[in-house]
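These figures come from a predicted structure and were not determined experimentally. The chains referred to below are lettered A, B, ... by the order of the sequence lines, with proteins before strands, and numbering in each begins at 1.
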Amino acid sequence: MIPISTIRENPEKVINRLTIKNIDAKSAILQIIALDDVRKETQRNMDDLLAQTNNLAKEIGILFKSGKKEEADALKQKNTDLKEQAKALEQKLEETQTKLQSVLVQLPNLPHESVPSGKSAADNIIVKQAGEMPVLQPDAMPHWDIATKFDLISFDMGSKVTGAGFPFYKGQGARLQRALINFFLDEAIAAGYHEIQPPLLINEDSGYGTGQLPDKEGQMYHIGIDNLYLIPTAEVPVTNLYRNLILQKSDLPIKNVAYSNCFRREAGSYGKDVRGLNRLHQFDKVEIVQIANPSDSYAILDTMIEHVAGLLAKLELPYRILRLCGGDMSFTSALTFDFEVWSAAQERWLEVSSVSNFENFQANRMKLRFKDDSGKTQLAHTLNGSALALPRIVAALLENNQQGDQVRIPHALRAYTGYDYISLPKV
RNA sequence: GGAGAGAUGGCAGAGUGGUCGAUUGCGGCGGUCUUGAAAACCGUUGACCCUCACGGGUCCGGGGGUUCGAAUCCCUCUCUCUCCGCCA
């Protein structure tokens with residue numbers, strides 16, 4: 001949520017910035033300012049009345065003690081009347097605030113100055129490409145066929161037991177998953193992140209705090225009987241840990257890493273996008289999350305990008321980094337870089353990480369603040385990034401490293417997998 | 001799931017209808033003393049809203065109610081603890 005102070009300070013700038021995200025916010029901004037004016041005036045009037053009732057109540061107390069009952073009774077009536085007026089104002093104040101909130105909540109975060117304009121993924125800017133694209137043999141297979149050939153993953157079993165998009169990992173495939181999770185966690189810990197194991201279910205307040213609610217209600221699995229949501233990413237619990245906290249400046253930056261299962265309904269996806277591991281309803285991901293001093297957050301974003309790039313280099317995967325354009329950025333983000341790996345058999349780039357600075361957008365929603373040098377509380381910045389999401393990494397590893405009857409494992413992973421090559425299952 | 005107890009400021013812990021935003025202790029910060037430190041002593045120490053400011057208002061787990069007046073009484077929700085049951 002954009003702080004209302006930001007809007008009041010420079011409404012024109014806010015409107016201009018939001019055009020980068022292809023939003024015409026003019027009427028919303030004007031409405032917000034008008035509602036905020038009403039809010040202030042109503043509050044002022046209500047406070048005046050309440051001050052009067054407070055004073056009267058004290059007087060009545062004193063009168064009672066000194067036995068002047070009639071005078072006290074007269075004041076009582078007066079105070080009841082004042083109280084009723086105050087009540088009416090309180091109601092108006094609440095209505096105004098609710099309305100104000102509902103407009104504010106619908107505004108996406110302001111994009112950073114460096115965000116290019118654009119309508120869709122086609123307008124993203126490639127800022128870096130690294131690694132060698134492998135040349136495959138003519139009989140090379142897409143990863144879903146490799147997974148079957150080496151008995152690594154069963155999509156059919158998942159469909160039977162749960163539904164499409166919930167695969168079973170088996171044998172060397174399961175081991176590969178575990179290897180990647182441990183590799184990613186160890187790399188993050190070596191980079192100074194603190195490991196967290198979060199709950200996989202979150203409540204409504206948490207969904208609201210990081211911005212999934214109310215914006216993306218339909219994308220999360222909802223447990224109606226307990227009103228809980230399955231997490232779409234560890235970002236939600238790990239960031240909400242700090243909801244409603246006032247941290248010390250010396251606490252920052254906070255660097256956490258969490259492995260979790262992620263659950264996404266992915267309503268409306270179809271075709272080759274969802275083939276094999278390309279898009280799942282349940283998948284594994286290691287997420288890095290930082291809570292930062294605003295003055296440091298963009299430098300921190302750079303370190304997170306370097307961290308993710310380092311992982312891909314160690315996995316020997318060709319990748320590219322995209323600076324997302326306004327039209328392709330998420331609701332909550334101020335600046336996002338996506339990482340894509342080359343999936344050689346499918347001959348397409350697959351998104352495996354998204355690294356974002358949310359500035360104070362999430363912090364404002366969840367009242368995450370810190371005390372600065374002058375002892376004032378101010379909103380912190382939040383950042384996160386996938387480091388990394390597993391399924392598409394597995395897809396690229398399998399496709400890029402296939403060598404007939406075996407699949408080569410990159411050196412960095414071998415200590416974790418316990419095997420150097422995936423081999424055909426023993427019959 | 002059943003029975004009971006509880007939720008107060010960074011922490012501990014008073015406060016059961018009237019100048020209580022809240023006694024006190026610890027911790028934190030500032031000062032006196034000291035070559036320095038400790039001890040002792042003095043002072044200070046929550047968040048949010050309105051206001052240029054003075055000042056005013058709100059907040060004692062969340063929400064609602066009673067009352068002229070609520071941290072204190074009532075209702076409700078959430079959470080914590082103890083005992084019983086079940087259980088990885």
Listing time: all N or O pairs from protein to nucleotides 86-88 of chain B that are below 3.5 Å?
none

- Same-atom distance (P) from B/U58 to B/C20, integer angstrom: 15 Å
Once you apply a heavy-atom cut-off of 4.0 Å, does A/Ile246 come out as touching a base, just sugar-phosphate, or nothing? sugar-phosphate
Table please: side-chain donor-acceptor pairs of residues 97-105 of chain A below 3.5 Å, with sequence neighbours left out.
unit_1	atom_1	unit_2	atom_2	d
A/Thr98	OG1	A/Glu94	O	2.8
A/Gln101	NE2	A/Tyr208	OH	3.0
A/Ser102	OG	A/Lys99	O	2.8

* Asked: Roughly how far apart, to the nearest Å, are B/G62 and B/A70 at atom P?
  -> 16 Å
Contacts of A/Phe358 meeting ring pair (Phe, Tyr, Trp, His ring centres under 6.0 Å) (sequence neighbours excluded), chain-then-number -> none
Residues at least two apart in sequence or cross-chain that pass ring pair (Phe, Tyr, Trp, His ring centres under 6.0 Å) with A/His222, listed by chain then number, are A/Tyr229
message = I want to check a possible cation-pi pair here: A/Arg178 against A/Phe183, using under 6.0 Å from ring centre and within 45° of the ring axis as the test.
response = no
Side chain to side chain donor-acceptor pair (under 3.5 Å) filter on A/Asn203, not counting sequence neighbours, yields A/Ser206
Paired to B/U78 by Watson-Crick or G-U wobble criteria (both distances under 3.5 Å) is B/A7
Side chain to side chain donor-acceptor pair (under 3.5 Å) pairs touching residues 331-341 of chain A, sequence neighbours excluded, are A/Arg320-A/Glu340, A/Ser330-A/Thr332, A/Ser333-A/Thr336, A/Thr336-A/Ser356, A/Asp338-A/Ser354
Inset, instruction - Write down the distance separating the P atoms in B/C86 and B/G17, rounded off to the nearest Å. - result: 45 Å
Any side-chain donor paired with an acceptor under 3.5 Å for A/Asn124 and A/Asp328? yes
If pairing means Watson-Crick or G-U wobble with both distances under 3.5 Å, then the partner of B/G85 is none
Using nucleotides 49-59 of chain B, report all nitrogen or oxygen pairs with the protein that are shorter than 3.5 Å.
unit_1	atom_1	unit_2	atom_2	d
B/C49	O3'	A/Arg39	NH2	2.5
B/C49	O2'	A/Gln43	OE1	2.7
B/C50	OP1	A/Arg39	NH2	2.7
B/C50	O2'	A/Arg44	NE	3.3
B/G56	N2	A/Asp47	OD2	2.8
B/G57	OP1	A/Asn54	ND2	3.3
B/G57	O2'	A/Asp47	OD1	2.8

- Distance between the P atoms of B/A7 and B/G15, in whole angstroms? 11 Å
Heavy-atom closest pair (A/Met46 atom, A/Glu90 atom, distance to 0.1 Å) is SD-CA, 3.6 Å
For nucleotides 64-72 of chain B, give me every protein contact, N/O to N/O, under 3.5 Å, one pair per line with atom names.
unit_1	atom_1	unit_2	atom_2	d
B/C68	O2'	A/Asn79	ND2	2.3

Contact check, residues 358-372 of chain A vs RNA chain B, heavy-atom distance under 4.0 Å, returns A/Arg369, A/Lys371
pair_partner(B/A40), Watson-Crick or wobble, both distances < 3.5 Å, evaluates to B/U32
For atom C1', what is the distance between B/C33 and B/A39, given to the nearest Å?
11 Å
note: A/Glu204, atom CD; B/U78, atom C1'; distance rounded to Å ~ 14 Å
Inset, instruction - Considering only atom P, compute the distance from B/G21 to B/U16 and round it to an integer number of Å. - result: 16 Å
_For the P atoms, the ones on B/G46 and on B/G10, what distance do you get once it is rounded to whole angstrom?_
9 Å
| message | Main chain of A/Val236, side chain of A/Thr239: is a donor-acceptor contact present, judged purely on distance under 3.5 Å? | response | no
When rounded to whole Å, the CD to P distance for the pair A/Gln97 and B/C48 reads 15 Å
By side-chain contact (heavy atoms from CB on, under 4.5 Å), A/Asp37 pairs with (sequence neighbours left out) A/Arg8, A/Ile33
Residue pairs meeting side chain to side chain donor-acceptor pair (under 3.5 Å), one or both in residues 151-169 of chain A, sequence neighbours left out, come to A/Asp151-A/Lys170
Query - B/G13 versus B/A3 - spacing of their C1' atoms, nearest Å - result: 28 Å
Here the ring-ring contact (aromatic ring centres under 6.0 Å, His included) pairs for residues 69-117 of chain A, sequence neighbours left out, are A/His112-A/Tyr298
Answer for the Watson-Crick or wobble partner of B/A14, both distances under 3.5 Å, is none
- Query: Is it the case that A/Lys249 places NZ or CZ above or below the six-membered ring of A/Phe370, under 6.0 angstrom from the centre and within 45 degrees of the axis?
  - Reply: no
Using Watson-Crick geometry (N1-N3 plus N6-O4 or O6-N4) or G-U wobble (N1-O2, O6-N3), each under 3.5 Å, B/A47 is paired with B/U58
Handout entry: Donor-acceptor contact below 3.5 Å, side chain A/Lys21 vs main chain A/Asn109
Key = yes
Q | Within 6.0 angstrom of A/Lys149 NZ, more than 12 heavy atoms from elsewhere | A | yes
Answer for the Watson-Crick or wobble partner of B/U19, both distances under 3.5 Å, is none
